Undergrad: 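Provided herewith is a single structure, encoded as structure tokens, for subsequent inquiry.
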Amino acid sequence: MTGIQHTERRKYTQAAGTAYSLPHDEDERSRLALQSNLLLRTYDSKVLHAPVELKDQDWVLETGTGTGIWLQDLLKEISTNARCIGIDLESSLFPSPSTLPPNLAFKRHSVINLPREWINKFTVVHQRLLIAGLRRQEWEQAIREMYRVLKPGGWLQLLEMKIWVAGPALAKHRELLYKFSDDQGTMWRDITARIPEFLRQSGFVNVRCDTRQTPLGSWAGKDGIDGSENLMGIMRGLKTPILKGGGYGIVKTEADYDELVEQVRVEMDNTSGSRTAWSMFLAQKPEKSHL
């Protein structure tokens with residue numbers, strides 16, 4: 001399938017080999033802040049949900065950290081000086097080192113190949129919304145790596161999008177995204193259904209899932225407006241990768257794509273009950289682990 005000619009306006013990752021398909025630019029930084037604040041409100045204004053009381057000697061890792069906003073929010077929530085590391089393949093959205101406290105650092109690493117010396121190091125590992133970045137086999141490898149670097153008894157906290165629904169326009173875009181995802185090898189269709197299996201086959205126990213919904217559209221006030229703007233930001237960010245893929249038989253031109261996104265925006269604002277569902281997973285590395 002040949003790509004669709006279009007004006008490419010966004011900056012995407014230059015990291016070799018990754019399937020990550022959302023941008024790395026200032027517009028994306030703003031979207032990620034909006035999304036993080038929306039999720040914080042959705043999940044009881046709590047950052048850490050794993051049943052852990054962090055102490056000064058504990059280490060926390062966030063994989064796929066992006067802007068590092070989750071770790072920065074975590075340090076506002078806890079009263080200790082736990083040491084925190086955020087990693088990402090792409091460093092362009094990392095906060096400036098001069099703005100960071102001494103117990104917070106950011107490094108370039110891949111979650112599918114964490115440093116060997118990190119074995120049994122972390123009390124908590126956090127990751128959210130790598131649905132756009134990991135292929136199926138990479139998901140399995142990533143979860144094995146997160147298991148390896150957790151200390152026995154430590155906890156993993158994961159969050160992913162489950163489904164987003166409004167009416168026929170959003171259903172059409174969702175199918176377009178699913179076809180793109182199938183082409184890329186990523187798991188937009190079913191990642192939340194597969195994560196429990198990936199966790200258990202890696203050795204995790206006490207697996208829990210907490211699925212919550214956020215509204216989409218102005219009919220639902222601030223949460224609906226923020227939810228809609230977040231999803232619109234994702235759609236705009238995926239425009240270039242989807243058009244480079246040829247439109248998958250659903251859109252034929254750049255104008256087709258832009259029109260579909262606008263139809264989705266209007267539909268969400270006018271369809272009561274439009275929503276996104278998110279699933280948060282907690283899982284524990286056994287106290288007696290062979291790793």
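Note that these values count all heavy atoms, side chains included, but never hydrogens, waters or copies made by symmetry. These figures come from a predicted structure and were not determined experimentally.
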Undergrad: How about Gln201 and Glu140: does a side-chain donor come under 3.5 Å of a side-chain acceptor?
TA: yes
Undergrad: Would you say the ring centers of His126 and Trp155 fall short of 6.0 Å from each other?
TA: no
Undergrad: Looking at Asp226 and Arg41, does any basic side-chain N land under 4.0 Å from a carboxylate oxygen?
TA: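 Salt bridge present between Asp226 and Arg41.
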Undergrad: Is it possible for you to check whether Lys239 lies under 6.0 Å from the centre of the six-membered ring of Tyr257, through NZ or CZ, and within 45° of that ring's axis?
TA: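 Relative to the ring axis of Tyr257, which defines the angle, Lys239 lies outside at least one limit.
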Undergrad: Any side-chain heavy-atom pair from Glu254 and Thr7 closer than 4.5 angstrom?
TA: yes
Undergrad: Are Tyr12 and His24, when compared by the centres of their aromatic rings, separated by less than 6.0 Å?
TA: no
Undergrad: Between the side chains of Thr214 and Thr42, does any donor sit under 3.5 Å from an acceptor?
TA: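 On atom types as modelled, these side chains do not qualify, holding no pair under 3.5 Å.
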Undergrad: Mark yes when over 12 heavy atoms from residues, nucleotides or ligands other than Glu53 sit less than 6.0 Å from its CD; otherwise mark no.
TA: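 Not more than 12 within 6.0 Å, no.
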Undergrad: Within a reach of under 6.0 Å around CD of Glu117, are more than 12 heavy atoms found that belong to other residues, nucleotides or ligands?
TA: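 Enclosed: over 12 neighbouring heavy atoms sit under 6.0 Å from CD of Glu117.
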Undergrad: Less than 4.0 Å between a side-chain N and a carboxylate O, is that true for Arg212 and Asp44?
TA: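 Judged by the 4.0 Å cut-off on N to carboxylate O distance, Asp44 and Arg212 do form a salt bridge.
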Undergrad: Just checking, is any N or O donor in the side chain of Arg128 or Ser36 under 3.5 Å from an acceptor N or O on the other one?
TA: yes
Undergrad: Does a sphere of radius 6.0 Å around CD in Gln57 hold more than 12 heavy atoms from other residues, nucleotides or ligands, not counting ones at 6.0 Å or beyond?
TA: yes
